[in-house]
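Everything below concerns the one structure shown next.
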Amino acid sequence: MPKHYWIVKQEPEAYSWEDFRKDKSADWTGVRNYQARNHLRAMQSGDLVFFYHSMTEKSIVGIAKVIRTAFADPTAEEGDWSAVTLAPLTPLGVPVSLGQIKADSVLQKMALVRNSRLSVSPVLGLEFEQILKLSRTKHP
DNA sequence: GCCAACGTTGGC
DNA sequence: GCCAACGTTGGC
């Protein structure tokens, strides 16, 4: 059982869930924000990670898994930055939109909503379950 | 395309 | 150490 849950954001035009699925795994590099970096460093092997499409889609589209914990980001030319390796686990049955998240009493307090600019944020167990529940439910 | 929120930088 | 200016991100 994973101990922690996370959410990472990505512009689908830059690197989509579909790209990720084809690659089978991806090094999560390029994070240049200390808060986000610290979240990367706190990830443990087997932790589950929601994959969020920002900008054009604004929806959680899949679940990934941490398969390698934090290591020095090879793309960083200077500074103390970290990366992890993620692998796609499963797409969500129905993507969960930011609109749904904001309308949900459990989810509207999510770090994702409170700080929309943070590219890596923690997700509570309760929030994780609630998102899974929404992803199994069709909505108009 | 605009703007709000946030982070970073640099002058004092 | 404070704060104004600037840059970046992402929602609308």
Side-chain angles (χ1 to χ4, degrees):
Chain A
M1 268 300 272
K3 289 175 187 159
H4 296 108
Y5 305 100
W6 310 92
I7 186 164
V8 295
K9 305 208 294 196
Q10 196 63 43
E11 292 183 44
E13 287 76 15
Y15 189 74
S16 69
W17 172 263
E18 202 48 27
D19 298 329
F20 184 40
R21 198 186 55 76
K22 281 179 196 153
D23 288 347
K24 306 275 202 275
S25 76
D27 288 348
W28 219 254
T29 58
V31 170
R32 297 292 182 271
N33 170 286
Y34 289 111
Q35 236 183 309
R37 182 203 69 182
N38 292 342
H39 290 144
L40 287 179
R41 289 181 177 178
M43 289 183 182
Q44 297 177 342
S45 220
D47 280 359
L48 298 183
V49 183
F50 282 127
F51 194 106
Y52 176 84
H53 275 169
S54 65
M55 310 291 279
T56 52
E57 294 190 27
K58 284 168 287 181
S59 300
I60 300 171
V61 294
I63 304 174
K65 188 171 69 168
V66 177
I67 59 171
R68 184 181 174 198
T69 55
F71 53 95
D73 184 341
T75 70
E77 299 196 346
E78 58 173 25
D80 183 21
W81 301 109
S82 297
V84 297
T85 306
L86 303 178
L89 208 59
T90 176
L92 292 190
V94 182
V96 176
S97 71
L98 185 61
Q100 283 177 281
I101 289 169
K102 286 187 165 174
D104 187 285
S105 58
V106 174
L107 301 177
Q108 61 193 197
K109 304 268 178 57
M110 282 181 73
L112 173 79
V113 178
R114 294 202 317 270
N115 186 355
S116 65
R117 297 185 43 198
L118 195 58
S119 62
V120 184
S121 32
V123 174
L124 302 179
L126 200 67
E127 295 166 347
F128 187 87
E129 294 303 325
Q130 182 67 9
I131 288 163
L132 282 191
K133 193 173 145 196
L134 291 176
S135 76
R136 290 191 290 260
T137 313
K138 284 239 169 103
H139 49 278

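Sequence lines set the chain letters: A, B, ... in the order given, protein chains first and strands last, and positions in each chain run from 1.
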Check: Which part of the nucleic acid, if any, lies within reach of A/R114 when heavy atoms closer than 4.0 Å are counted: base, sugar-phosphate only, or nothing?
Finding: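 A/R114: backbone/sugar contact only, no base atoms under 4.0 Å.
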Note to self: What's A/L118 touching, base or sugar-phosphate or nothing? Going by heavy atoms closer than 4.0 Å.
What the structure shows: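 Here A/L118 touches no strand at all.
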Next item on the list: Would you confirm whether the ring centroid of A/W17 sits within less than 6.0 angstrom of the ring centroid of A/Y52?
Entry: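 No: the rings miss the under 6.0 Å criterion.
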How close or far is atom [atom2] of [N] from atom [atom1] of [X], stated in whole angstroms?
{"X": "A/E11", "N": "C/dT9", "atom1": "CD", "atom2": "C1'", "value": "8 Å"}
{"X": "A/E57", "N": "C/dG10", "atom1": "CD", "atom2": "P", "value": "14 Å"}
{"X": "A/Y34", "N": "C/dT8", "atom1": "OH", "atom2": "C1'", "value": "16 Å"}
{"X": "A/N115", "N": "B/dA5", "atom1": "CG", "atom2": "P", "value": "11 Å"}
{"X": "A/K9", "N": "B/dA5", "atom1": "NZ", "atom2": "P", "value": "15 Å"}
{"X": "A/M55", "N": "B/dG1", "atom1": "CE", "atom2": "P", "value": "12 Å"}
{"X": "A/E13", "N": "C/dT9", "atom1": "CD", "atom2": "P", "value": "15 Å"}
{"X": "A/E78", "N": "B/dT8", "atom1": "CD", "atom2": "P", "value": "13 Å"}

Item checked: C/dC12 phosphate, OP1 or OP2, under 4.0 Å from A/K102 side-chain N/O ->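 Affirmative; the distance criterion is met.
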Next item on the list: Would you indicate, yes or no, if C/dT9 has its OP1 or OP2 atom less than 4.0 angstrom from a side-chain nitrogen or oxygen of A/Y52?
Entry: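 False: A/Y52 side-chain N/O out of range (4.0 Å or more) of C/dT9 OP1/OP2.
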Notebook entry, point to check: Does some side-chain heavy atom of A/E127 sit less than 4.5 Å from a side-chain heavy atom of A/I101?
Noted result: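 Of all side-chain heavy-atom pairs linking A/E127 with A/I101, none is under 4.5 Å.
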Margin query: Could you check whether any side-chain heavy atom of A/D23 comes within less than 4.5 Å of a side-chain heavy atom of A/Y15, counting everything from C-beta outward?
Written below: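 Yes. Closest side-chain heavy atoms under 4.5 Å.
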Item checked: A/D27/A/R68 ion pair, N-O < 4.0 Å ->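 Looking at A/D27 and A/R68, the cut-off is not met.
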Check: Which of these nucleotides, C/dG11, B/dA5, B/dG7, is closest to any side-chain atom of A/R117?
Finding: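 The nucleotide sitting nearest to the side chain is B/dA5.
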